[in-house]
Novice: 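Attaching a single structure in structure tokens format; questions to follow.
Note on naming: letters A, B, ... go to the chains in the order of the sequence lines (proteins, then strands), and numbering restarts at 1 for each one.
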Number of protein chains: 2
Amino acid sequence: MLEGLGRIKVPKSSDVLAERLKQEILSDAYHPGAMLPTERDLVSTTGLSRGSVREALRILETQGLVLTRAGRYGGSTVAKPSDDHLVNHINLYARGRSLPLNALAEVRLALEPMVAALAAERRTDEDLETLRAISERIDQAAENDLDAFLAENVNWHDALAAASHNDLLRALAISVSGLMFEASRLKEFTSTEVRQRVCNAHHRILEAIEAGDADRARRRVERDVQAYGRILEAAMAAAAGPDTADAA
Amino acid sequence: MLEGLGRIKVPKSSDVLAERLKQEILSDAYHPGAMLPTERDLVSTTGLSRGSVREALRILETQGLVLTRAGRYGGSTVAKPSDDHLVNHINLYARGRSLPLNALAEVRLALEPMVAALAAERRTDEDLETLRAISERIDQAAENDLDAFLAENVNWHDALAAASHNDLLRALAISVSGLMFEASRLKEFTSTEVRQRVCNAHHRILEAIEAGDADRARRRVERDVQAYGRILEAAMAAAAGPDTADAA
DNA sequence: GACGATCTTACGGTCTAACAATTGACTTGT
DNA sequence: ACAAGTCAATTGTTAGACCGTAAGATCGTC
């Protein structure tokens with residue numbers, strides 16, 4: 001008998017087409033904004049049906065490689081995968097697998113200090129202005145408006161990540177922070193005291209970034225993230241049941 | 001005239017269906033492995049055509065939320081997004097935007113030390129065995145077999161990331177390391193001397209992980225990654241043109 | 001000549017109806 | 001007991017038609 005023959009995988013036609021188009025797109029030849037052939041052209045050149053061609057294009061669209069518009073002079077254009085796309089996929093991964101909170105906390109502890117260090121080195125005047133404005137809004141909301149406080153807190157971390165001027169790092173940091181803040185909102189553990197500590201932490205971090213002191217910014221964020229993780233975990237344990245809190 | 005009415009966005013039927021199914025899937029009600037309705041059932045319950053239903057399912061499949069099999073008792077089942085899915089999307093983001101090498105290096109510098117620290121704390125005996133075996137194979141391949149060396153090097157970092165026992169961190173680390181090693185292969189800068197240094201670095205890191213010393217593992221990986229980044233960047237600068245090397 | 005309304009047309013968006021391929025359970029034969 | 005063949009429900013794929021959209025082209029009016 002023939003050996004070394006595993007299960008024979010018969011790929012779907014749309015997968016094959018999507019893969020080939022993907023290689024074309026990534027292979028330098030296509031610059032962002034370039035037009036792909038129309039669906040009907042692809043039908044005639046590939047010999048596939050229009051349904052299969054459309055499924056292939058839908059795959060590429062989901063991957064963020066292509067953008068499709070209707071109407072005359074519409075069609076599919078090559079695109080750069082957006083930050084939002086990457087963030088969405090990371091969120092899907094995390095939510096779909098219901099990752100434990102401590103795993104998220106660990107990743108965040110890896111990313112955010114680096115974000116802060118780079119932000120201290122590279123922040124523009126505009127970055128600083130944005131951060132200061134958000135920081136003020138957070139201070140004002142800390143006392144009475146919980147929703148606004150949480151929303152602005154997310155904005156603050158977004159702005160900080162943007163100031164790092166590293167797109168990939170920014171997307172990863174935003175995703176992970178967002179997931180953790182979502183957990184915070186679910187647990188509603190944010191007491192007035194905690195909010196005050198968050199404000200103070202922001203002030204100290206912003207100060208280091210204004211001074212351009214990368215190491216200080218890194219250390220302060222590291223401490224802040226660790227503290228936040230501990231608080232959240234304690235809140236989770238308490239919510240799960242006080243009698244099991246010491247099991248870990 | 002009516003004001004406050006921006007551009008009216010008319011969503012595609014398949015997008016709407018995909019979004020609604022996605023919410024259902026993520027909303028606890030569905031556990032991985034559960035069956036979705038058949039395409040024709042979805043057609044009758046939604047009132048859409050089968051083509052639109054299939055496009056929606058293809059979106060979910062690309063997002064890794066669903067797995068579809070043909071044949072009787074086939075259909076779409078709920079799935080957890082796999083590591084491979086996430087790695088692919090990150091790679092698409094990085095390649096599609098042709099991120100600069102230093103951005104990748106920075107992210108790697110954030111992730112890998114944390115990987116090593118967690119690996120030192122959590123590695124099982126099996127993890128150690130795998131790492132030792134790969135390390136030996138790398139040593140053997142370092143002298144003569146460049147392809148094997150590069151391949152085993154990737155394996156080593158995969159195994160290290162796995163030993164951290166943090167799925168998200170592992171997926172992120174694998175992606176970024178993979179992208180950097182790809183760049184290494186393109187530039188073919190790996191001289192015998194560099195390879196020897198890589199081997200030594202691996203030995204020192206493995207030693208710290210065997211000892212369970214998280215801080216030492218973190219510091220050693222940090223130093224290693226920084227050194228690797230500098231070497232790669234120098235090689236890239238040299239390849240781009242010796243006269244522009246000092247411009248940075 | 002300028003400009004707004006209308007027409008034209010090339011494209012994606014959607015639907016219907018069918019047939020092919022796949023696959024696991026069921027049945028049958030020995 | 002087991003192997004081969006049959007069956008049926010499901011996805012995979014195709015063909016053809018029509019609708020909706022949007023931007024250029026044309027025409028009419030001032």
Side-chain angles (χ1 to χ4, degrees), chain A residues 1 5-22 24-25 30 32-79, chain B residues 1 5-22 24-25 30 32-79:
Chain A
M1 197 50 173
L5 277 183
R7 268 281 181 279
I8 290 186
K9 168 75 185 294
V10 181
K12 287 181 276 198
S13 58
S14 51
D15 284 334
V16 176
L17 176 55
E19 183 62 27
R20 287 184 48 170
L21 287 175
K22 177 176 126 189
E24 287 268 329
I25 289 172
Y30 277 97
M35 295 285 294
L36 259 58
T38 67
E39 290 181 359
R40 289 173 170 88
D41 280 350
L42 285 172
V43 166
S44 60
T45 62
T46 62
L48 301 178
S49 72
R50 197 159 159 230
S52 298
V53 168
R54 281 180 61 83
E55 285 189 17
L57 289 173
R58 195 47 67 89
I59 291 173
L60 295 176
E61 206 177 20
T62 305
Q63 290 173 332
L65 290 174
V66 139
L67 234 158
T68 299
R69 289 187 321 245
R72 193 173 186 181
Y73 299 99
S76 297
T77 58
V78 175
Chain B
M1 197 51 173
L5 278 183
R7 266 282 177 276
I8 290 187
K9 164 80 183 291
V10 181
K12 287 181 277 198
S13 59
S14 51
D15 283 334
V16 176
L17 177 55
E19 184 61 28
R20 288 184 47 169
L21 288 174
K22 178 176 126 188
E24 287 269 328
I25 289 172
Y30 277 97
M35 295 285 294
L36 260 58
T38 67
E39 291 181 359
R40 284 173 169 89
D41 281 350
L42 286 172
V43 166
S44 61
T45 63
T46 62
L48 301 178
S49 72
R50 204 171 150 221
S52 298
V53 168
R54 283 179 60 81
E55 285 189 17
L57 289 172
R58 193 50 66 91
I59 290 173
L60 295 176
E61 207 177 19
T62 305
Q63 291 173 331
L65 289 174
V66 139
L67 235 158
T68 300
R69 290 186 319 251
R72 194 176 188 180
Y73 302 101
S76 297
T77 58
V78 175

Novice: Between atom CZ in B:Arg58 and atom C1' in D:dT13, what is the gap in whole Å?
Specialist: 11 Å
Novice: Mind calculating the distance between CZ (B:Arg54) and C1' (D:dT14) to the nearest angstrom?
Specialist: 11 Å
Novice: Is the closest basic N to carboxylate O distance between A:Arg58 and A:Glu55 below 4.0 Å?
Specialist: no
Novice: Testing B:Leu65, B:Leu60, B:Leu67, B:Leu36 for side-chain contact (heavy atoms from CB on, under 4.5 Å) with B:Val78, which one passes?
Specialist: B:Leu36
Novice: Compute whether any side-chain donor of one residue and acceptor of the other, for A:Ser52 and A:Ser14, lie under 3.5 angstrom apart.
Specialist: no
Novice: State the NZ-CG distance between B:Lys22 and B:Asp15, to the nearest 0.5 angstrom.
Specialist: 10.5 Å
Novice: Would you name the heavy atoms of B:Met35 and B:Tyr30 that are closest together and state the gap between them?
Specialist: O-CE2, 3.9 Å
Novice: Any non-hydrogen side-chain atom of A:Thr46 less than 4.5 Å from a side-chain atom of A:Leu17?
Specialist: yes
Novice: Name the residue closer to the 5' end of DNA chain D, choosing between B:Ser76 and A:Leu48 according to the nucleotide with the nearest heavy atom.
Specialist: B:Ser76
Novice: Can you confirm whether B:Glu19 sits close enough to B:Val16 that some side-chain heavy atom of one is under 4.5 Å from a side-chain heavy atom of the other?
Specialist: no
Novice: What is the distance, to the nearest angstrom, from the CG atom on B:Leu36 to the P atom on D:dT10?
Specialist: 13 Å
Novice: What is the distance, to the nearest angstrom, from the CG atom on B:Leu42 to the P atom on D:dG12?
Specialist: 13 Å
Novice: Would A:Arg54 and A:Glu61 pass as an ion pair if we require N to O under 4.0 Å?
Specialist: no
Novice: Please list, pair by pair, any protein nitrogen or oxygen found under 3.5 Å from a nitrogen or oxygen in nucleotides 17-27 of chain D.
Specialist:
from: D:dA17; atom 1: N6; to: A:Arg50; atom 2: NH1; distance (Å): 3.4

Novice: Quickly, which of A:Val53, A:Val43, A:Leu42 forms a side-chain contact (heavy atoms from CB on, under 4.5 Å) with A:Pro37? Name it, please.
Specialist: A:Leu42
Novice: Counting neighbours of CZ on A:Arg20 that are heavy atoms of other residues, nucleotides or ligands and sit closer than 6.0 Å, is the number greater than 12?
Specialist: no
Novice: Rounding to 10°, can you tell me the angle the first-five-pair axis of the helix from C:dG1-D:dC30 to C:dT30-D:dA1 makes with its last-five-pair axis?
Specialist: 0°
Novice: What are the bounds, 5' to 3', of the part of DNA chain C that sits under 4.0 Å from heavy atoms of chain B?
Specialist: C:dG13 to C:dA25
Novice: Do you know which two heavy atoms are closest between B:Leu48 and B:Ser13, and how far apart they sit?
Specialist: CD2-CB, 3.8 Å
Novice: Counting just side-chain N and O atoms, does A:Ser52 come under 4.0 Å of either OP1 or OP2 of D:dT14?
Specialist: yes
